[in-house]
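A short write-up of the structure that comes next.
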Amino acid sequence: MPELAEVEYFRKRWDSGLGQRVREIALHGEKRIFRGSDPAEIERTLRGATLRSSETHGKQMLFRFSKNAWLGLHLGMTGKLRVEPAGFEPGRHDHLVLFQRKQALVFADARMFGRVRFHHGKSAPAWWAKLPPAVTSPQFTTARLREIFLRRRTAPLKALLLAQDVFPGVGNWMADEILWQARLDPRISAAQLDAKQTREVWRAARMVCRVALKTIGVDWSDPPGDWLMLQRWKKGGRCPRDGKLLQRATIAGRTTAWCPNCQPSHRKTG
DNA sequence: TACTCTGTTGAATA
DNA sequence: TTATTCAACAGAGT
């Protein structure tokens, strides 16, 4: 499911475990979800560690524990976090379960496109420290976007919106929403954008991320009713602005929906 | 049966 | 050298 707001929502689900010690761990260490990490080390280090804090950055989550343990989770396409009673029996897709006194913190992922990362040390791991500026941060500037758009001039705009080193946390539906809010065709290349259009992408990206975090990110409630995302996957979905039938195509390898009327492929002439 | 899917990666290609 | 596309990953739902 998850893009940045959903990731934030799932992170908070584990909040009831803050300040509590992990007594026991159950994990499916042979699963692909542990690629690149050492399940035995995770088990050894997290056992007896106390969950201190958590944060998200784009689609990445970081859980900090005592004993200098850092647990990174990525939800991939189907990952979920939830809380179960302490005596819970892990199911087939519950690949990492942290048992605490009163409850169990569960990371489940059916398709296993997600990932578990782990670091044992005083300072933050490289995979966390080197993340790009968040879309909602002051470091996410129009100047930065301009520079990237000039460098990656042939990629369709949709592809750039999906690039996690440019728009961390933006996924398929958010990319379509941003393009619709900015009234830009997903197929145009970044090189075709003038300064004003670049600023529109910047503005729309920040707005969509901010509002999504305040709605979906808090309680899974819907974003404003006039957003494209509420129409997007409906059969015969229509543009919330002008009621025109949405167009669909695969762009940058992902299904894309847009309004052919208010996101025209040609440059505006006046 | 055959197609879809809110994601990322590494190999192939340009 | 650098950017981009594509298949692969794996399961559940339609």
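Atom set for the values below is all heavy atoms of this structure, side chains included, hydrogens, waters and symmetry mates excluded. Sequence lines set the chain letters: A, B, ... in the order given, protein chains first and strands last, and positions in each chain run from 1.
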Does [X] place a side-chain N or O at less than 4.0 Å from the phosphate oxygens OP1/OP2 of [N]?
X: Gln164(A); N: dG7(B); value: no
X: Thr255(A); N: dC5(B); value: yes
X: Thr78(A); N: dG11(C); value: no
X: Arg254(A); N: dC5(B); value: no
X: His74(A); N: dG7(B); value: no
X: Arg92(A); N: dA12(C); value: yes

The side chain of [X] lies closest to which of these nucleotides: [options]?
X: Arg151(A); options: dA3(C), dT5(C), dG7(B); value: dA3(C)
X: Thr154(A); options: dC5(B), dG11(C), dA3(C); value: dA3(C)
X: Phe113(A); options: dG7(B), dT4(C), dT9(B); value: dG7(B)
X: Ala110(A); options: dA3(C), dA12(C), dT9(B); value: dA12(C)

Distance, rounded to the nearest Å, where [X] contributes [atom1] and [N] contributes [atom2]:
X: Glu3(A); N: dC5(B); atom1: CD; atom2: P; value: 14 Å
X: Leu73(A); N: dG7(B); atom1: CG; atom2: P; value: 17 Å
X: Arg187(A); N: dT5(C); atom1: CZ; atom2: P; value: 14 Å
X: Asn172(A); N: dT4(B); atom1: CG; atom2: C1'; value: 13 Å
X: Lys80(A); N: dG7(B); atom1: NZ; atom2: P; value: 13 Å
X: Arg32(A); N: dG7(B); atom1: CZ; atom2: P; value: 15 Å
X: Met229(A); N: dC5(B); atom1: CE; atom2: C1'; value: 14 Å
X: Leu75(A); N: dC9(C); atom1: CG; atom2: C1'; value: 17 Å

Checklist entry - Does one hydrophobic cluster hold both Val83(A) and Phe107(A), with members joined at side-chain heavy-atom distances below 4.5 Å? => result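 Both belong to a single hydrophobic cluster.
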Next on the checklist: Let me check something: do Leu228(A) and Phe167(A) share a hydrophobic cluster, defined by ILVMFWY side-chain heavy atoms less than 4.5 Å apart, either directly or through other members?
Outcome noted: no
Item to check | Separation of the P atoms in dT9(B) and dT1(C), to the nearest angstrom | outcome: 23 Å
Checklist entry - Does any N or O in the side chain of Glu8(A) come within less than 3.5 Å of the main-chain N or O of Leu4(A), such that one atom is a donor and the other an acceptor? => result no
Next on the checklist: Within the 4.0 Å heavy-atom criterion, would you say Arg35(A) contacts the bases, only the backbone, or no part of the nucleic acid?
Outcome noted: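 Nothing, no nucleic acid heavy atom in range.
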Checklist entry - Can you give the dot-bracket line for DNA chain C, using ( ) for pairs inside the strand, [ ] for pairs that cross earlier ones, | for pairs with another strand and . for unpaired bases, where Watson-Crick and G-U count if both distances are under 3.5 Å? => result .||||||||.||||
Item to check | Nearest-0.5 Å distance, CD of residue Gln100(A) to OG1 of residue Thr50(A) | outcome: 8.5 Å
Checklist entry - Does Arg183(A) make a cation-pi contact with Trp258(A) (under 6.0 Å, within 45 degrees of the axis)? => result no
Checklist entry - Side chains of Trp227(A) and Trp173(A): does their closest heavy-atom pair fall under 4.5 Å? => result yes
Checklist entry - Do Val97(A) and Phe88(A) have side chains that get closer than 4.5 Å, going by heavy atoms? => result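 Yes, their side chains come closer than 4.5 Å.
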Checklist entry - Of Asp165(A), Val166(A), Thr198(A), which is the lone residue that meets side-chain contact (heavy atoms from CB on, under 4.5 Å) with Ile148(A)? => result Val166(A)
